[in-house]
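Lettering follows sequence order; numbering is per chain, from 1.
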There are 2 protein chains.
Amino acid sequence: MESEDELIAQRSPLPGSVVGRLREQLVFVAEVDKLKTVLRQSPLAAADRRENDAEHSWHLALMVSVLAEHSDEPIDVGRTIELVVVHDLIEIYAGDTPLYDDEGRESQQQREEAAADRLFGLLPDDQERRFRELWDEFEARRTPEARFAKAIDRVQPLLLNWLTGGGTWRTPGVTADVVRERKAVIGEASTPLWTAVQELINEGERRGWVAPGA
Amino acid sequence: MESEDELIAQRSPLPGSVVGRLREQLVFVAEVDKLKTVLRQSPLAAADRRENDAEHSWHLALMVSVLAEHSDEPIDVGRTIELVVVHDLIEIYAGDTPLYDDEGRESQQQREEAAADRLFGLLPDDQERRFRELWDEFEARRTPEARFAKAIDRVQPLLLNWLTGGGTWRTPGVTADVVRERKAVIGEASTPLWTAVQELINEGERRGWVAPGA
């Protein structure tokens, strides 16, 4: 990743004639290009490399559009897509915290709050508040949209693990029961997806793609 | 890119207990992982490599969310985001056709129609129709949402060119007037964005990042 101290827009500043809200917005839009350099643990299914956060966020957006009918509660699909498009932005400064990294997860909230202040602070005040609210809504799972968005965020890497015959399931210390526990939030949003996911985990366990039991 | 003849889901078929619409949808969701391997001409601003279609589509989705207020006509933001999330999917089979590749653009429509038949045909019939309609709407620019989505699709790579001091503006045969002509659709959707874009092109021409004049 690039130096965190320099904004991308500082390297090639916009002409002085671009002013006001639009200037702030374009500085933000330039800065978020960095999300394409934040690597996740998940392998791609289509190529032999790890996935980055921008690719992941796009995949979630498309999955929401395709799978929305499986939400147990009615959801606003457009708003749910906005939630997943925004949800990982703070990782530009806070980095990715893998689902099975318990140590990293302890400091996660504090790092991510600081990152949100810094990144969303580039926007005009009203949009800073709106993006902060979208991120908070996703994290807190207070709404049907946020619960479904979080469920899709748990289904997508599991599907990549399945398609690559293990993926991050092979992380030391991870067992099928650990996977079931970390994926259980899917069941808070979608009974059909949770049923299918449990079948993938069971079959992955049978095939030795994830260590058995507890 | 992976072999086009093999579906990603064929390599590691879903368990037989996952059936019906959900099975078809998950096969589609697995297949679109290939979008992450379709390279565009545009350079990233945040790293020294070319952008892929999945990253690009995510960036457009976020830009729609941030810049929607600059649309000259009222738009449904959620639907506009769906348009940009879907708009490049057909490139999984048809490949990317660069904006300044006149030869490739002649055969583009036929290649893309065949790709749409094949890719969207993986979905249940009602969703095949819906995704086909989203893609057609984007291409035809018949609605305010599609006009704004297309405008953002033209602004984003121009911003990457600006941030990298030239990018695809340096393609042989491209001049500032060619850029202005190819970017003019932005003016059909957003007066403020088109004004800002013209200032970036003018300044890029002054700096020698794009060849002058006609």
How close do [X] and [Y] get, counting heavy atoms only, and between which atoms?
X: A:Leu123; Y: B:Val66; result: CD2-CG1, 4.0 Å
X: B:Trp209; Y: A:Ser12; result: CH2-OG, 3.4 Å
X: B:Glu199; Y: A:Pro15; result: O-CG, 4.2 Å
X: B:Ala61; Y: A:Val85; result: CB-CG2, 3.9 Å
X: B:Leu22; Y: A:Pro192; result: CD2-O, 3.9 Å
X: B:Trp58; Y: A:Ser57; result: CD1-CB, 3.4 Å

**Prompt:** Between B:Asp53, B:Leu44, B:Val18, B:Val19, which has the largest tally of heavy atom pairs under 4.5 Å with chain A?
**Reply:**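 The candidate making the most pairs under 4.5 Å is B:Leu44.
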Quick one: which of [options] has the most heavy-atom pairs under 4.5 Å with chain B, could you say?
options: A:Arg79, A:Glu69, A:Glu203; result: A:Glu69
options: A:Ala9, A:Pro13, A:Ala196, A:Gly165; result: A:Pro13
options: A:Leu89, A:Val155, A:Val32; result: A:Val32
options: A:Gln156, A:Met63, A:Arg23, A:Glu82; result: A:Glu82
options: A:Leu62, A:Leu160, A:Val77, A:Val86; result: A:Leu62

**Request:** Decide yes or no on side-chain contact (heavy atoms from CB on, under 4.5 Å) for A:His70 and B:Gln25, but give the supporting numbers first.
**Result:** CA-CA 11 Å; A:His70 302 294; B:Gln25 290 161 340; 2.7 Å; yes
Taking atom [atom1] of [X] and atom [atom2] of [Y], what is their separation to the nearest 0.5 Å?
X: B:Leu67; Y: A:Leu26; atom1: CG; atom2: CG; value: 6.0 Å
X: B:Ile81; Y: A:Ser65; atom1: CD1; atom2: OG; value: 11.5 Å
X: B:Thr37; Y: A:Asp48; atom1: OG1; atom2: CG; value: 12.5 Å
X: A:Leu159; Y: B:Leu14; atom1: CG; atom2: CG; value: 7.0 Å

Is [X] in contact with chain A via its backbone, its side chain, both, or neither, using a 4.5 Å heavy-atom distance?
X: B:Leu163; answer: both
X: B:Pro124; answer: neither
X: B:Asn52; answer: side chain

**Prompt:** Name the one of A:His59, A:Glu55, A:His56 that satisfies side-chain hydrogen bond (donor to acceptor under 3.5 Å, both in side chains) with B:Lys36?
**Reply:**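 Of the listed options, the one satisfying the test is A:His59.
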**Asked** If only atom types and distance count, is the side chain of B:Arg11 paired as donor or acceptor with the main-chain N or O of A:Ala45 below 3.5 Å?
**Response**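 Yes; judged by distance alone, with no hydrogens or angles, the pair exists.
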**Request:** Taking heavy atoms only and a threshold strictly under 4.5 Å, list by residue number the residues of residues 125-147 of chain B that touch chain A; give 'none' if the list is empty.
**Result:** B:Gln127, B:Arg130, B:Phe131
